[in-house]
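No hydrogens, no waters, no symmetry mates; every other heavy atom, side chains included, goes into these values.
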Amino acid sequence: MEMFDAVRWTTRNLISGTCRPTVVGLENVPSDGPFIVAPNHLSFFDSVIVQALMPRPVAFFAKAEYFTTGGVKGRVMKAFFESVGSIPVERGEQAASVQALKTLLDILESGRGIGIYPEGTRSRDGILYRGRTGVGWLALTTGAPVIPVGLIGTEKLQRAGEKGVRPQHFTMKVGEPLYFDKTGPDHSLPARREVTDRIMDAIAALSGQERSTSYNQSKSAE
């Protein structure tokens with residue numbers, strides 16, 4: 001925890017000093033017990049931003065290459081993601097993704113917080129895509145409250161095709177918790193779909209994005 005606090009403090013001050021973000025609704029994060037953070041996804045930096053600015057630790061999935069990239073940048077990324085408890089997962093490997101989802105379940109059952117992007121991958125055109133039902137499965141299985149988050153302007157931090165980072169103002173809106181009945185893992189797909197759609201409605205209300213009824217696809221799948 002001391003390592004997390006040190007990394008979060010350093011990253012939060014760096015973000016606050018260079019980007020001067022507008023952050024509202026942090027009081028909606030429960031002070032104790034498990035919780036699920038569900039943001040929209042516009043930028044590589046979204047997880048870093050949420051993990052740094054939230055008042056409690058939030059464990060996200062992170063692509064395995066973030067832990068294995070070489071050079072100074074790779075070492076910095078690995079140190080950050082390890083220190084905040086991120087979970088490496090191989091892109092495109094279903095078995096690995098299923099195991100990562102079970103790992104998130106273990107974290108929730110221990111009373112901590114996790115983050116998951118319902119869209120699955122970041123939106124490159126700014127549209128809010130249909131939510132995948134993993135977040136609904138977690139909510140119904142554990143009964144943990146879901147905290148919707150709307151990120152606005154984070155895509156400007158690193159333009160498509162650019163390697164450098166440009167400090168830019170952005171906004172993070174944290175919505176009121178959404179509560180769902182705890183059913184355990186034995187629930188219907190329609191119930192999971194309904195919960196996921198409610199979560200996406202809450203995210204849309206915060207982010208103000210145009211919406212799509214289609215699923216987003218990763219660049220590698222296009």
Side-chain angles (χ1 to χ4, degrees), residues 12 15-16 18-29 35-55 58-63 86 91 97 101 104 113-139 144-162 165-180 192-222:
R12 182 176 61 212
I15 292 172
S16 298
T18 59
C19 299
R20 301 191 179 280
T22 298
V23 181
V24 296
L26 291 180
E27 69 277 4
N28 290 320
V29 179
F35 64 102
I36 301 167
V37 176
N40 59 324
H41 197 9
L42 298 170
S43 168
F44 159 80
F45 295 101
D46 291 342
S47 297
V48 175
I49 288 167
V50 172
Q51 288 173 309
L53 299 182
M54 281 288 177
V58 179
F60 273 92
F61 290 159
K63 291 184 290 187
S86 295
R91 187 193 312 196
S97 298
L101 198 62
L104 291 183
I114 63 99
I116 183 170
Y117 296 111
E119 292 174 277
T121 189
R122 59 192 163 108
S123 171
R124 289 174 170 78
D125 54 16
I127 292 173
L128 184 67
Y129 285 87
R130 191 182 194 200
R132 299 180 186 273
T133 58
V135 65
W137 184 86
L138 286 167
V146 179
I147 313 299
V149 172
L151 296 168
I152 303 169
T154 58
E155 75 280 1
K156 298 176 183 177
L157 295 172
Q158 188 177 54
R159 302 284 185 178
E162 294 183 357
V165 179
R166 297 183 180 183
Q168 299 281 341
H169 176 79
F170 64 86
T171 298
M172 184 174 87
K173 295 181 180 180
V174 182
E176 295 183 0
L178 302 174
Y179 293 92
F180 304 99
R192 196 184 314 166
R193 178 77 261 165
E194 180 182 357
V195 166
T196 301
D197 289 344
R198 285 183 57 189
I199 294 168
M200 296 307 298
D201 289 343
I203 294 172
L206 295 166
S207 70
Q209 291 168 276
E210 177 185 348
R211 299 182 68 176
S212 172
T213 57
S214 300
Y215 292 113
N216 196 9
Q217 298 293 329
S218 64
K219 191 173 181 180
S220 61
E222 294 174 351

Would you indicate whether the side-chain heavy atoms of [Y] and [X] approach each other to under 4.5 Å?
X: Arg198; Y: Val146; value: no
X: Asp201; Y: Ile203; value: no
X: Val50; Y: Met172; value: yes
X: Leu128; Y: Ser212; value: no

Residues, nucleotides or ligands: over 12 heavy atoms within 6.0 Å of Gln168 CD: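 Above 12, so yes.
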
CZ/Arg193: more than 12 non-hydrogen atoms of other groups inside 6.0 Å: yes

Could you measure the distance from the [atom1] atom of [X] to the [atom2] atom of [Y]? Nearest 0.5 Å is fine.
X: Glu119; Y: Gln217; atom1: CD; atom2: CD; result: 12.0 Å
X: Leu157; Y: Phe45; atom1: CG; atom2: CZ; result: 6.5 Å
X: Leu206; Y: Glu176; atom1: CG; atom2: CD; result: 9.5 Å
X: Thr196; Y: Phe180; atom1: OG1; atom2: CZ; result: 8.0 Å
X: Glu210; Y: Tyr129; atom1: CD; atom2: OH; result: 8.5 Å
X: Ile114; Y: Phe61; atom1: CD1; atom2: CZ; result: 7.5 Å

Shortest non-hydrogen contact from [X] to [Y]?
X: Ser123; Y: Ile127; answer: OG-O, 2.8 Å
X: Asp46; Y: Leu42; answer: OD2-N, 2.6 Å
X: Pro167; Y: Cys19; answer: CA-SG, 4.0 Å
X: Phe170; Y: Gly153; answer: CB-C, 4.0 Å
X: Ala52; Y: Ile15; answer: CB-CD1, 4.0 Å
X: Ala59; Y: Leu104; answer: O-CD2, 4.0 Å

Candidate pair Val174 and Val29, rule side chain to side chain contact (heavy atoms under 4.5 Å, CB included), full reasoning: CA-CA 8 Å; Val174 182; Val29 179; 4.2 Å; yes

Side chain to side chain contact (heavy atoms under 4.5 Å, CB included) between Met200 and Arg211, worked out: CA-CA 10 Å; Met200 296 307 298; Arg211 299 182 68 176; 3.5 Å; yes

Worked verdict on Thr171 versus Leu151 for side chain to side chain contact (heavy atoms under 4.5 Å, CB included): CA-CA 6 Å; Thr171 298; Leu151 296 168; over 6 Å; no

Gln51 and Ser86: side chain donor to acceptor below 3.5 Å: yes

Distance-only donor-acceptor check, side chains Asn40 and Gln209, under 3.5 Å: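 On atom types as modelled, these side chains qualify, holding a pair under 3.5 Å.
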
Flag, side chain of Ser16 to backbone of Arg20, donor-acceptor distance under 3.5 Å: no

Distance-only donor-acceptor hits, side chain of residues 130-139, under 3.5 Å, sequence neighbours excluded:
{"residue": "Arg130", "atom": "NH1", "partner": "Tyr215", "partner atom": "OH", "Å": "3.3"}
{"residue": "Arg132", "atom": "NH2", "partner": "Asn216", "partner atom": "O", "Å": "2.7"}

Residue that, paired with His169, satisfies side-chain contact (heavy atoms from CB on, under 4.5 Å) out of Thr18, Ile152, Thr22: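 Going through the options one by one, the only one that passes is Thr22.
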
Residues forming a ring pair (Phe, Tyr, Trp, His ring centres under 6.0 Å) with Tyr117, sequence neighbours excluded: His41, Phe60

Candidate pair Ile36 and Ile147, rule side chain to side chain contact (heavy atoms under 4.5 Å, CB included), full reasoning: CA-CA 6 Å; Ile36 301 167; Ile147 313 299; over 6 Å; no

Salt bridge present between Arg192 and Asp197 (N-O < 4.0 angstrom): no

